[in-house]
Amino acid sequence: MRVRLERSGGFANIRRTFTADTKTLATVQGEELRHLVEAADLAHFPEEPTPRPGRPDRFYYRVTIEHERAERSITVAEDSAPEALQRLIDWVLRIAQG
Amino acid sequence: MVTEPQPGGAAPSRCHGPHSIACILPPHMLRAIVERGSPEQRAWALQALTVSERIRGRRELLGDLAAMTALPTGGKQRAVYDARHGSQLPGTLVRSEGQRPVKDVAANEAYDGSGSTWDLYHDAYGRSSVDDRGMPLVSTVHYRVGYDNAFWDGSQMVYGDGDGKLFERFTKCLDVIAHELTHGVIQYEASLDYADQPGALNESFCDVFGSLVKQWSLGQTAEKADWLIGAGIFRPGVTGVALRSMAAPGTAYDDPVLGKDPQPADMANYVETADDNGGVHINSGIPNRAFYLAATAIKGHAWETAGKIWYVTLRDRLRPDSDFRAAATLTVAVAAELFGTRSAPVGAVRAAWKKVGVL
Ligand SMILES: [Zn+2]
(Lines give C-alpha, C1' and ligand atoms only; values in the text may rest on other atoms or scores of the structure.)
Protein backbone atom coordinates (compact mmCIF):
# COMPACT_ATOMS: atom_id res chain seq x y z
CA MET A 1 0.00 0.00 0.00
CA ARG A 2 1.25 3.43 -0.97
CA VAL A 3 -0.02 6.78 0.31
CA ARG A 4 0.84 9.86 -1.70
CA LEU A 5 0.23 13.28 -0.21
CA GLU A 6 0.34 16.35 -2.44
CA ARG A 7 0.29 19.60 -0.51
CA SER A 8 -0.59 22.84 -2.34
CA GLY A 9 -1.64 26.37 -1.44
CA GLY A 10 -0.42 28.09 1.70
CA PHE A 11 1.39 31.39 1.97
CA ALA A 12 4.23 30.09 -0.21
CA ASN A 13 1.97 28.21 -2.67
CA ILE A 14 4.73 25.69 -3.33
CA ARG A 15 3.50 22.23 -4.27
CA ARG A 16 5.20 19.38 -2.46
CA THR A 17 4.66 15.63 -2.57
CA PHE A 18 5.23 13.22 0.33
CA THR A 19 4.87 9.45 0.15
CA ALA A 20 4.77 6.51 2.50
CA ASP A 21 4.95 2.98 1.11
CA THR A 22 4.44 -0.21 3.14
CA LYS A 23 7.08 -1.87 0.91
CA THR A 24 9.82 0.35 2.28
CA LEU A 25 8.48 0.89 5.79
CA ALA A 26 9.33 -1.23 8.80
CA THR A 27 6.64 -3.83 9.54
CA VAL A 28 5.33 -2.02 12.58
CA GLN A 29 5.05 1.28 10.68
CA GLY A 30 3.42 -0.46 7.75
CA GLU A 31 0.76 -1.80 10.10
CA GLU A 32 0.32 1.66 11.58
CA LEU A 33 -0.20 3.11 8.11
CA ARG A 34 -2.79 0.46 7.20
CA HIS A 35 -4.71 1.25 10.37
CA LEU A 36 -4.60 5.00 9.74
CA VAL A 37 -5.82 4.55 6.15
CA GLU A 38 -8.63 2.30 7.29
CA ALA A 39 -9.70 4.79 9.97
CA ALA A 40 -9.60 7.71 7.52
CA ASP A 41 -12.20 5.86 5.40
CA LEU A 42 -11.56 7.70 2.13
CA ALA A 43 -14.11 5.59 0.26
CA HIS A 44 -16.85 7.64 1.88
CA PHE A 45 -15.24 10.98 1.25
CA PRO A 46 -16.12 13.48 -1.52
CA GLU A 47 -13.37 13.64 -4.17
CA GLU A 48 -13.25 17.42 -4.36
CA PRO A 49 -13.18 19.86 -1.44
CA THR A 50 -16.36 21.70 -0.58
CA PRO A 51 -15.67 25.33 -1.54
CA ARG A 52 -15.09 27.36 1.60
CA PRO A 53 -14.71 31.03 0.80
CA GLY A 54 -12.43 33.40 2.63
CA ARG A 55 -9.74 31.04 3.92
CA PRO A 56 -6.55 32.83 2.93
CA ASP A 57 -3.21 31.05 2.80
CA ARG A 58 -4.46 27.62 3.88
CA PHE A 59 -3.05 24.34 2.59
CA TYR A 60 -4.90 21.86 0.44
CA TYR A 61 -4.03 18.16 0.56
CA ARG A 62 -4.60 15.66 -2.19
CA VAL A 63 -4.41 12.20 -0.67
CA THR A 64 -4.00 9.20 -2.97
CA ILE A 65 -4.14 5.63 -1.71
CA GLU A 66 -2.77 2.95 -4.02
CA HIS A 67 -3.67 -0.53 -2.90
CA GLU A 68 -3.77 -3.78 -4.90
CA ARG A 69 -4.07 -2.00 -8.26
CA ALA A 70 -6.95 0.16 -6.97
CA GLU A 71 -6.46 3.86 -6.51
CA ARG A 72 -8.49 6.40 -4.60
CA SER A 73 -7.84 10.17 -4.51
CA ILE A 74 -9.49 12.92 -2.51
CA THR A 75 -8.69 16.61 -1.99
CA VAL A 76 -9.33 18.38 1.27
CA ALA A 77 -8.68 21.84 2.74
CA GLU A 78 -6.47 21.44 5.79
CA ASP A 79 -9.00 22.98 8.16
CA SER A 80 -11.83 20.74 7.01
CA ALA A 81 -10.09 17.36 7.29
CA PRO A 82 -11.85 15.11 9.82
CA GLU A 83 -9.69 14.00 12.75
CA ALA A 84 -8.89 10.54 11.39
CA LEU A 85 -7.80 11.95 8.02
CA GLN A 86 -5.76 14.65 9.75
CA ARG A 87 -3.96 11.92 11.72
CA LEU A 88 -3.09 10.12 8.48
CA ILE A 89 -1.84 13.37 6.91
CA ASP A 90 0.31 14.23 9.94
CA TRP A 91 1.73 10.72 10.03
CA VAL A 92 2.74 10.72 6.34
CA LEU A 93 4.28 14.20 6.68
CA ARG A 94 6.29 13.07 9.69
CA ILE A 95 7.52 9.84 8.07
CA ALA A 96 8.31 11.45 4.72
CA GLN A 97 10.15 14.41 6.21
CA GLY A 98 12.11 12.20 8.59
CA MET B 1 -43.07 55.94 12.94
CA VAL B 2 -40.19 56.14 15.35
CA THR B 3 -40.04 58.10 18.56
CA GLU B 4 -37.05 60.36 18.42
CA PRO B 5 -34.70 59.36 21.21
CA GLN B 6 -33.73 62.13 23.56
CA PRO B 7 -30.01 62.51 23.92
CA GLY B 8 -29.38 61.71 27.54
CA GLY B 9 -32.58 59.62 27.74
CA ALA B 10 -33.05 55.88 27.34
CA ALA B 11 -32.80 54.19 23.96
CA PRO B 12 -36.14 53.14 22.45
CA SER B 13 -37.27 49.97 24.20
CA ARG B 14 -37.70 47.96 21.01
CA CYS B 15 -34.00 48.25 20.22
CA HIS B 16 -31.91 45.44 21.63
CA GLY B 17 -28.61 45.96 19.92
CA PRO B 18 -26.75 48.19 17.53
CA HIS B 19 -27.96 46.26 14.49
CA SER B 20 -31.62 46.63 15.31
CA ILE B 21 -31.10 50.29 16.18
CA ALA B 22 -29.41 50.85 12.83
CA CYS B 23 -32.49 49.45 11.14
CA ILE B 24 -34.81 51.75 13.03
CA LEU B 25 -33.10 55.10 13.52
CA PRO B 26 -32.22 57.27 10.55
CA PRO B 27 -28.52 58.18 10.32
CA HIS B 28 -29.07 61.85 11.25
CA MET B 29 -30.49 60.81 14.63
CA LEU B 30 -27.64 58.39 15.23
CA ARG B 31 -25.20 61.17 14.41
CA ALA B 32 -26.93 63.47 16.91
CA ILE B 33 -26.56 60.80 19.59
CA VAL B 34 -22.91 60.25 18.67
CA GLU B 35 -22.33 63.96 19.16
CA ARG B 36 -24.41 64.61 22.26
CA GLY B 37 -25.35 61.36 24.00
CA SER B 38 -23.92 59.79 27.15
CA PRO B 39 -20.73 57.76 26.66
CA GLU B 40 -22.75 54.53 26.52
CA GLN B 41 -25.24 55.92 24.03
CA ARG B 42 -22.45 57.35 21.91
CA ALA B 43 -20.79 53.96 21.82
CA TRP B 44 -23.85 52.11 20.57
CA ALA B 45 -24.85 54.89 18.19
CA LEU B 46 -21.40 54.93 16.64
CA GLN B 47 -21.46 51.17 16.29
CA ALA B 48 -24.90 51.32 14.68
CA LEU B 49 -23.68 54.00 12.30
CA THR B 50 -20.61 51.96 11.47
CA VAL B 51 -22.85 49.11 10.44
CA SER B 52 -25.24 51.22 8.40
CA GLU B 53 -22.57 53.39 6.79
CA ARG B 54 -20.58 50.30 5.85
CA ILE B 55 -23.66 48.82 4.27
CA ARG B 56 -24.02 51.99 2.22
CA GLY B 57 -20.29 52.09 1.54
CA ARG B 58 -19.96 55.62 2.90
CA ARG B 59 -16.87 55.37 5.02
CA GLU B 60 -15.84 59.05 4.75
CA LEU B 61 -18.73 60.13 6.99
CA LEU B 62 -17.56 57.77 9.68
CA GLY B 63 -14.04 59.11 9.73
CA ASP B 64 -15.30 62.53 10.82
CA LEU B 65 -17.64 61.03 13.39
CA ALA B 66 -14.99 58.83 14.92
CA ALA B 67 -12.76 61.89 15.22
CA MET B 68 -15.54 63.91 16.90
CA THR B 69 -16.27 61.34 19.53
CA ALA B 70 -14.03 60.82 22.51
CA LEU B 71 -14.44 57.06 22.52
CA PRO B 72 -11.43 55.28 23.92
CA THR B 73 -9.30 54.09 21.00
CA GLY B 74 -7.54 51.51 23.15
CA GLY B 75 -4.19 51.88 21.40
CA LYS B 76 -2.06 48.93 20.48
CA GLN B 77 -3.05 45.67 22.20
CA ARG B 78 -0.97 42.62 21.37
CA ALA B 79 -1.04 39.09 22.76
CA VAL B 80 1.22 36.23 21.69
CA TYR B 81 0.32 32.62 22.41
CA ASP B 82 2.25 29.38 22.07
CA ALA B 83 0.48 26.35 20.53
CA ARG B 84 3.39 24.14 21.77
CA HIS B 85 3.35 22.27 18.43
CA GLY B 86 -0.32 21.38 18.74
CA SER B 87 -3.24 22.69 16.72
CA GLN B 88 -5.44 24.16 19.46
CA LEU B 89 -5.83 27.95 19.11
CA PRO B 90 -4.87 30.27 20.58
CA GLY B 91 -2.75 28.15 22.97
CA THR B 92 -0.92 29.41 26.07
CA LEU B 93 -0.39 33.15 26.56
CA VAL B 94 3.33 33.91 26.59
CA ARG B 95 3.58 37.68 26.07
CA SER B 96 1.04 40.49 26.25
CA GLU B 97 1.15 44.22 25.57
CA GLY B 98 3.86 46.11 27.39
CA GLN B 99 5.61 43.01 28.73
CA ARG B 100 9.33 42.59 28.28
CA PRO B 101 10.76 40.25 25.62
CA VAL B 102 10.61 36.56 26.45
CA LYS B 103 13.23 33.89 25.66
CA ASP B 104 11.34 32.57 22.65
CA VAL B 105 12.53 34.34 19.48
CA ALA B 106 9.37 33.47 17.51
CA ALA B 107 7.11 34.96 20.21
CA ASN B 108 9.12 38.20 20.20
CA GLU B 109 9.10 38.36 16.40
CA ALA B 110 5.32 37.94 16.34
CA TYR B 111 4.99 40.65 19.01
CA ASP B 112 7.33 43.12 17.30
CA GLY B 113 6.06 42.40 13.80
CA SER B 114 2.41 42.88 14.67
CA GLY B 115 3.47 46.09 16.46
CA SER B 116 5.23 47.45 13.36
CA THR B 117 2.20 46.58 11.25
CA TRP B 118 -0.14 48.31 13.70
CA ASP B 119 2.18 51.35 13.65
CA LEU B 120 2.31 51.74 9.86
CA TYR B 121 -1.48 51.47 9.53
CA HIS B 122 -1.92 53.92 12.39
CA ASP B 123 0.80 56.47 11.65
CA ALA B 124 0.54 56.53 7.86
CA TYR B 125 -3.19 55.96 7.37
CA GLY B 126 -4.81 56.81 10.73
CA ARG B 127 -6.14 53.27 11.10
CA SER B 128 -6.77 51.77 14.52
CA SER B 129 -5.84 48.09 14.18
CA VAL B 130 -7.18 45.46 11.79
CA ASP B 131 -10.84 46.45 12.19
CA ASP B 132 -10.17 50.20 12.63
CA ARG B 133 -11.87 49.84 16.02
CA GLY B 134 -8.85 48.97 18.14
CA MET B 135 -9.13 45.19 17.87
CA PRO B 136 -6.40 43.37 19.84
CA LEU B 137 -3.79 41.65 17.68
CA VAL B 138 -3.55 37.99 18.61
CA SER B 139 -0.75 35.74 17.34
CA THR B 140 -0.04 32.06 17.90
CA VAL B 141 3.47 30.70 17.31
CA HIS B 142 4.76 27.09 17.16
CA TYR B 143 1.59 25.86 15.47
CA ARG B 144 1.82 22.12 14.74
CA VAL B 145 5.12 20.35 14.05
CA GLY B 146 7.44 21.68 11.32
CA TYR B 147 4.52 23.57 9.82
CA ASP B 148 5.58 25.36 6.59
CA ASN B 149 2.98 28.10 6.70
CA ALA B 150 1.42 31.19 8.26
CA PHE B 151 -2.20 32.27 8.01
CA TRP B 152 -4.93 34.60 9.26
CA ASP B 153 -7.79 32.44 10.53
CA GLY B 154 -10.46 35.16 10.48
CA SER B 155 -9.64 36.49 13.94
CA GLN B 156 -5.93 35.90 14.62
CA MET B 157 -2.54 35.14 13.10
CA VAL B 158 -0.99 31.66 13.17
CA TYR B 159 2.66 30.81 12.49
CA GLY B 160 4.51 27.56 11.93
CA ASP B 161 8.17 26.86 12.71
CA GLY B 162 8.97 25.67 9.18
CA ASP B 163 10.39 22.20 8.49
CA GLY B 164 13.95 23.39 9.18
CA LYS B 165 15.28 21.89 5.94
CA LEU B 166 13.70 24.12 3.31
CA PHE B 167 11.84 26.73 5.36
CA GLU B 168 12.73 28.83 8.37
CA ARG B 169 10.14 29.86 10.96
CA PHE B 170 7.47 32.08 9.40
CA THR B 171 7.78 34.88 11.99
CA LYS B 172 11.30 35.55 10.70
CA CYS B 173 10.01 37.86 7.95
CA LEU B 174 8.25 41.09 8.89
CA ASP B 175 6.55 41.21 5.48
CA VAL B 176 4.98 37.78 6.13
CA ILE B 177 3.54 39.06 9.42
CA ALA B 178 2.20 42.26 7.81
CA HIS B 179 0.82 40.20 4.91
CA GLU B 180 -1.23 38.05 7.29
CA LEU B 181 -2.56 41.05 9.24
CA THR B 182 -3.58 42.69 5.98
CA HIS B 183 -5.81 39.67 5.27
CA GLY B 184 -7.57 40.81 8.44
CA VAL B 185 -7.81 44.42 7.23
CA ILE B 186 -9.27 43.22 3.91
CA GLN B 187 -11.81 41.10 5.78
CA TYR B 188 -13.11 44.28 7.45
CA GLU B 189 -12.92 46.46 4.31
CA ALA B 190 -13.18 45.41 0.66
CA SER B 191 -13.71 41.78 1.69
CA LEU B 192 -12.29 40.63 -1.64
CA ASP B 193 -13.46 37.13 -2.64
CA TYR B 194 -10.63 34.67 -2.18
CA ALA B 195 -10.72 33.29 -5.73
CA ASP B 196 -9.65 34.27 -9.26
CA GLN B 197 -8.92 37.98 -9.88
CA PRO B 198 -10.53 39.32 -6.68
CA GLY B 199 -8.52 36.67 -4.79
CA ALA B 200 -5.30 37.64 -6.58
CA LEU B 201 -6.02 41.27 -5.63
CA ASN B 202 -6.57 40.13 -2.05
CA GLU B 203 -3.15 38.45 -2.10
CA SER B 204 -1.54 41.42 -3.86
CA PHE B 205 -2.78 43.99 -1.33
CA CYS B 206 -1.36 41.74 1.42
CA ASP B 207 2.02 41.64 -0.32
CA VAL B 208 1.90 45.41 -0.95
CA PHE B 209 1.31 46.30 2.70
CA GLY B 210 3.62 43.46 3.77
CA SER B 211 6.42 45.09 1.81
CA LEU B 212 5.43 48.61 2.93
CA VAL B 213 5.63 47.68 6.63
CA LYS B 214 9.12 46.31 6.01
CA GLN B 215 10.19 49.41 4.04
CA TRP B 216 8.71 51.67 6.70
CA SER B 217 10.49 49.88 9.55
CA LEU B 218 13.78 50.17 7.63
CA GLY B 219 13.11 53.78 6.58
CA GLN B 220 13.66 52.78 2.96
CA THR B 221 12.71 54.65 -0.19
CA ALA B 222 11.09 52.82 -3.12
CA GLU B 223 14.42 52.88 -4.95
CA LYS B 224 16.29 51.23 -2.06
CA ALA B 225 13.68 48.56 -1.19
CA ASP B 226 14.19 44.93 -2.28
CA TRP B 227 10.48 44.48 -3.18
CA LEU B 228 10.74 40.83 -2.14
CA ILE B 229 8.19 38.86 -0.12
CA GLY B 230 9.61 36.34 2.31
CA ALA B 231 13.32 37.16 1.85
CA GLY B 232 15.18 34.97 4.35
CA ILE B 233 12.44 32.35 4.70
CA PHE B 234 14.43 29.71 2.76
CA ARG B 235 17.05 27.65 4.56
CA PRO B 236 20.58 27.67 3.14
CA GLY B 237 20.78 25.29 0.20
CA VAL B 238 17.54 26.39 -1.44
CA THR B 239 18.12 28.20 -4.74
CA GLY B 240 16.05 31.32 -4.32
CA VAL B 241 16.02 34.77 -2.71
CA ALA B 242 12.39 34.88 -1.54
CA LEU B 243 8.89 33.53 -2.19
CA ARG B 244 7.80 36.34 -4.48
CA SER B 245 9.33 39.34 -6.23
CA MET B 246 7.12 42.37 -6.76
CA ALA B 247 9.67 44.02 -9.06
CA ALA B 248 10.26 40.92 -11.19
CA PRO B 249 7.50 38.35 -10.64
CA GLY B 250 8.57 34.83 -11.62
CA THR B 251 12.23 35.26 -10.59
CA ALA B 252 12.15 34.74 -6.81
CA TYR B 253 13.26 31.08 -6.80
CA ASP B 254 14.18 28.21 -9.10
CA ASP B 255 15.03 25.14 -7.09
CA PRO B 256 15.21 21.40 -7.86
CA VAL B 257 12.95 20.54 -4.90
CA LEU B 258 10.65 23.59 -4.76
CA GLY B 259 10.33 24.18 -8.50
CA LYS B 260 10.24 27.59 -10.14
CA ASP B 261 8.43 30.77 -9.10
CA PRO B 262 5.24 30.62 -11.24
CA GLN B 263 4.22 34.29 -11.07
CA PRO B 264 3.45 36.19 -14.29
CA ALA B 265 4.63 39.80 -14.65
CA ASP B 266 1.84 40.95 -17.00
CA MET B 267 -1.61 40.06 -18.39
CA ALA B 268 -0.15 38.38 -21.48
CA ASN B 269 1.14 35.66 -19.14
CA TYR B 270 -1.93 35.45 -16.86
CA VAL B 271 -2.27 31.89 -15.56
CA GLU B 272 -5.68 30.23 -15.89
CA THR B 273 -5.80 27.46 -13.30
CA ALA B 274 -8.21 25.78 -10.89
CA ASP B 275 -5.41 25.28 -8.35
CA ASP B 276 -4.67 27.75 -5.55
CA ASN B 277 -8.27 29.10 -5.64
CA GLY B 278 -7.77 30.11 -9.26
CA GLY B 279 -4.12 31.11 -8.90
CA VAL B 280 -4.51 33.76 -6.21
CA HIS B 281 -0.82 33.50 -5.20
CA ILE B 282 0.22 33.28 -8.87
CA ASN B 283 -1.59 36.08 -10.70
CA SER B 284 -1.04 38.44 -7.75
CA GLY B 285 2.31 39.03 -9.48
CA ILE B 286 0.55 41.31 -11.98
CA PRO B 287 -0.97 43.85 -9.52
CA ASN B 288 2.16 43.48 -7.34
CA ARG B 289 4.30 44.68 -10.22
CA ALA B 290 1.85 47.49 -10.99
CA PHE B 291 2.32 48.77 -7.43
CA TYR B 292 6.10 48.46 -7.68
CA LEU B 293 6.12 50.37 -11.00
CA ALA B 294 3.87 53.13 -9.64
CA ALA B 295 5.86 53.50 -6.38
CA THR B 296 9.27 53.60 -8.06
CA ALA B 297 8.02 56.10 -10.67
CA ILE B 298 6.65 58.34 -7.88
CA LYS B 299 9.89 57.87 -5.86
CA GLY B 300 10.48 58.51 -2.16
CA HIS B 301 8.76 56.58 0.63
CA ALA B 302 6.32 54.21 -1.06
CA TRP B 303 3.89 54.14 1.87
CA GLU B 304 3.32 57.90 1.65
CA THR B 305 1.91 58.30 -1.86
CA ALA B 306 1.43 54.99 -3.70
CA GLY B 307 0.61 53.26 -0.40
CA LYS B 308 -1.95 55.90 0.50
CA ILE B 309 -3.66 55.52 -2.90
CA TRP B 310 -3.78 51.72 -2.51
CA TYR B 311 -4.99 51.99 1.09
CA VAL B 312 -7.87 54.39 0.32
CA THR B 313 -8.85 52.25 -2.66
CA LEU B 314 -8.94 49.15 -0.47
CA ARG B 315 -10.86 50.87 2.31
CA ASP B 316 -13.42 52.85 0.31
CA ARG B 317 -13.71 51.63 -3.26
CA LEU B 318 -13.03 47.98 -3.89
CA ARG B 319 -15.89 45.50 -3.61
CA PRO B 320 -15.80 41.73 -2.99
CA ASP B 321 -15.97 40.96 -6.73
CA SER B 322 -13.60 43.68 -7.99
CA ASP B 323 -11.23 42.49 -10.73
CA PHE B 324 -7.83 43.81 -11.90
CA ARG B 325 -9.43 46.35 -14.22
CA ALA B 326 -11.60 47.73 -11.41
CA ALA B 327 -8.54 48.02 -9.16
CA ALA B 328 -6.70 49.87 -11.92
CA THR B 329 -9.44 52.41 -12.66
CA LEU B 330 -10.18 52.90 -8.95
CA THR B 331 -6.54 53.51 -7.98
CA VAL B 332 -6.28 56.07 -10.82
CA ALA B 333 -9.49 57.76 -9.60
CA VAL B 334 -8.32 57.80 -5.95
CA ALA B 335 -4.92 59.20 -7.00
CA ALA B 336 -6.74 62.01 -8.82
CA GLU B 337 -8.89 62.77 -5.77
CA LEU B 338 -5.96 62.74 -3.36
CA PHE B 339 -3.34 64.51 -5.46
CA GLY B 340 -5.15 66.22 -8.37
CA THR B 341 -6.21 65.10 -11.84
CA ARG B 342 -3.02 66.24 -13.53
CA SER B 343 -0.68 65.22 -10.73
CA ALA B 344 2.38 63.02 -11.16
CA PRO B 345 0.93 60.16 -9.06
CA VAL B 346 -2.06 59.85 -11.42
CA GLY B 347 0.24 59.52 -14.41
CA ALA B 348 2.46 57.04 -12.58
CA VAL B 349 -0.44 54.82 -11.47
CA ARG B 350 -2.02 54.80 -14.93
CA ALA B 351 1.31 54.04 -16.65
CA ALA B 352 1.97 51.20 -14.19
CA TRP B 353 -1.34 49.42 -14.93
CA LYS B 354 -0.76 49.96 -18.68
CA LYS B 355 2.69 48.45 -18.49
CA VAL B 356 1.34 45.22 -16.91
CA GLY B 357 -1.42 45.08 -19.55
CA VAL B 358 -4.42 45.73 -17.31
CA LEU B 359 -5.38 49.16 -18.72
ZN1 LIG C 1 -2.09 35.59 1.82
Side-chain angles (χ1 to χ4, degrees), chain A residues 3-20 29 32-33 36 39-40 45-64 73-98, chain B residues 87 144-154 157-160 162-167 170 173 176 179-180 182-184 186-187 191-195 199 202-203 206 210 229-230 233-234 240 242-244 252-253 255 257-263 274-277 279-282 284 320:
Chain A
V3 178
R4 194 168 71 242
L5 188 64
E6 289 168 272
R7 189 179 70 192
S8 62
F11 181 90
N13 187 39
I14 289 173
R15 185 180 293 272
R16 298 207 54 207
T17 304
F18 308 91
T19 51
Q29 287 184 322
E32 228 178 307
L33 182 60
L36 286 162
F45 212 84
E47 276 185 31
E48 290 304 320
T50 336
R52 303 187 66 189
R55 326 285 293 177
D57 297 335
R58 301 308 299 264
F59 282 139
Y60 284 87
Y61 291 107
R62 182 167 180 81
V63 186
T64 305
S73 271
I74 62 107
T75 303
V76 68
E78 65 171 326
D79 59 335
S80 56
E83 217 172 294
L85 177 56
Q86 186 64 56
R87 268 200 294 277
L88 171 64
I89 290 169
D90 286 345
W91 195 90
V92 174
L93 281 173
R94 188 160 51 81
I95 291 293
Q97 290 184 297
Chain B
S87 58
R144 293 185 174 275
V145 178
Y147 187 67
D148 277 334
N149 200 16
F151 62 90
W152 166 261
D153 84 337
M157 289 152 291
V158 183
Y159 302 99
D163 56 77
K165 289 187 180 126
L166 299 164
F167 286 96
F170 275 68
C173 306
V176 172
H179 173 110
E180 292 312 326
T182 303
H183 276 306
I186 292 173
Q187 179 183 315
S191 207
L192 288 155
D193 296 338
Y194 203 65
N202 190 321
E203 273 302 311
C206 291
I229 300 297
I233 197 95
F234 290 138
L243 291 172
R244 295 185 275 277
Y253 62 88
D255 181 83
V257 178
L258 299 181
K260 187 185 175 302
D261 177 358
Q263 285 207 316
D275 288 350
D276 183 33
N277 294 295
V280 297
H281 294 88
I282 299 172
S284 55

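Every chain is numbered from 1, with letters handed out A, B, ... down the list of sequences. None of the values given here were measured: they were computed from a predicted structure.
Salt bridge B:D153/A:R58: absent, no basic N to carboxylate O contact under 4.0 Å.
Contacts of B:N202 with chain A are absent, with no heavy-atom separation under 4.5 Å from either backbone or side chain. Of the two parts of B:A195, neither the backbone nor the side chain holds a non-hydrogen atom closer than 4.5 Å to a non-hydrogen atom of chain A. Using a 4.5 Å cut-off between heavy atoms, B:I186 does not touch chain A at all. Heavy atoms closer than 4.5 Å to chain A are found in the side chain of B:L166, but not in its backbone. Interface residue B:V176: backbone and side-chain heavy atoms are both found under 4.5 Å from chain A. Heavy atoms closer than 4.5 Å to chain A are found nowhere in B:Q187, neither backbone nor side chain.
Looking only at side-chain heavy atoms (C-beta outward), B:N277 and A:Y60 come within less than 4.5 Å of each other. Residues A:R94 and B:V145 fail the side-chain proximity criterion, which asks for heavy atoms closer than 4.5 Å. The closest side-chain heavy-atom distance from A:R16 to B:L258 is below 4.5 Å.
Residues B:E180 and A:F11 approach most closely at OE2-CD1, 3.1 Å, considering heavy atoms.
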### Task
Starting from the C-alpha separation in whole Å, work towards a yes-or-no answer on side chain to side chain contact (heavy atoms under 4.5 Å, CB included) for A:I14 and B:L243.
CA-CA 9 Å; A:I14 289 173; B:L243 291 172; 3.9 Å; yes

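Annotation: cation-pi pair A:R55/B:F151 absent, no NZ/CZ under 6.0 Å from the ring centroid and within 45° of its normal.
How far CG of A:D79 is from OG of B:S87: 11.5 Å, rounded to the nearest 0.5 Å. For the atom pair CG of B:D275 and CZ of A:R62, the computed distance is 9.5 Å after rounding to the nearest 0.5 Å. Between B:M157 atom CE and A:D57 atom CG the span is 13.0 Å, to the nearest 0.5 Å.
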